[in-house]
Amino acid sequence: MINRRLVLGMIAAATTIDASRIAFAREKHHLNGKDLLSENIKKNGKHKIHTTGKKVDVFAEVNNGKVTAVTAAGMQVKKVKSRQKLAETTPGITLASMQLAQADVYYYGYWVYDDLTDTYIWFPADYVIVDSSWVEYVP
């Protein structure tokens with residue numbers, strides 16, 4: 001016969017483990033930087049493009065029509081690249097032949113993150129300065 005305390009203890013342990021996995025899950029947001037920046041790409045300077053969930057403003061620094069940096073007070077920022085288009089502007093159907101032709105196209109993103117939130121702001125290659133400092137995006 002199974003001990004009632006043993007069964008209750010096992011249920012409590014399983015619930016605690018499952019709840020801890022949920023508590024540490026980070027929210028991921030993928031945003032289209034081209035849309036956020038809009039006409040400000042033509043103006044040199046620092047432009048507010050987004051506000052995170054913690055009410056922190058995210059700024060893009062533009063110089064000569066290129067985004068040179070993204071900053072957010074109290075949050076870390078890293079540069080990432082991906083072949084996958086993660087920030088769609090309009091929902092639609094992508095034909096397989098069109099997707100195959102764009103296999104070598106990279107999208108460049110600034111990963112703004114803290115303990116709870118991951119925000120990715122993606123730009124096409126012609127909006128950023130492409131060099132070796134960009135690392136591959138890993139979902």
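Hydrogens, waters and symmetry mates are skipped; everything else that's a heavy atom, side chains included, is used. This structure is a prediction, so every number in the text was calculated from the model and none was measured.
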| request: Decide side chain to side chain contact (heavy atoms under 4.5 Å, CB included) for V62 and H47; before the verdict, give the C-alpha distance in whole Å, the side-chain angles of both, and the deciding distance to 0.1 Å. | output: CA-CA 8 Å; V62 177; H47 307 286; 3.7 Å; yes
Do [X] and [Y] belong together in a cluster built from hydrophobic side chains that touch within less than 4.5 Å?
X: Y127; Y: L36; result: yes
X: L31; Y: I41; result: yes
X: I121; Y: M75; result: yes

Run the side chain to side chain contact (heavy atoms under 4.5 Å, CB included) test against [X] and tell me which residues pass, sequence neighbours left out.
X: E39; answer: K42
X: K66; answer: I129
X: S132; answer: none
X: Q84; answer: S82, L86

Pairwise side-chain contact, [X] with [Y], heavy-atom cut-off 4.5 Å (strictly under):
X: H50; Y: D57; value: no
X: F123; Y: L37; value: yes
X: V70; Y: E61; value: no
X: N63; Y: T68; value: yes
X: T51; Y: V58; value: no

Please confirm whether the backbone N or O of T117 pairs with a side-chain atom of D114, one donor and one acceptor, at under 3.5 Å? yes
Closest non-hydrogen atoms of A72 and V112, given as atom of the first, atom of the second and distance, are CB-CG1, 3.8 Å
Between S133 and K79 the two heavy atoms that sit nearest each other are OG-NZ, 2.7 Å
- Within 45° of the ring axis of Y106 and under 6.0 Å from its six-membered ring centre, is that where the NZ or CZ of K81 lies? yes
Taken in chain and number order and not counting sequence neighbours, the residues that satisfy ring pair (Phe, Tyr, Trp, His ring centres under 6.0 Å) with Y108 are W134
Those residues at least two apart in sequence (or on a different chain) that pass ring pair (Phe, Tyr, Trp, His ring centres under 6.0 Å) with Y113 are W111
In Y107, Y137, Y110, the residue satisfying ring-ring contact (aromatic ring centres under 6.0 Å, His included) with W122 is Y137
One should read off an interatomic distance between T52 OG1 and L116 CG, to the nearest 0.5 angstrom, of 10.5 Å
>> I'd like to know whether NZ of K34 has more than 12 heavy-atom contacts from other residues, nucleotides or ligands below 6.0 angstrom.
In response: no
Starting from the C-alpha separation in whole Å, work towards a yes-or-no answer on side chain to side chain contact (heavy atoms under 4.5 Å, CB included) for T71 and K46. CA-CA 9 Å; T71 58; K46 202 171 188 177; 3.5 Å; yes
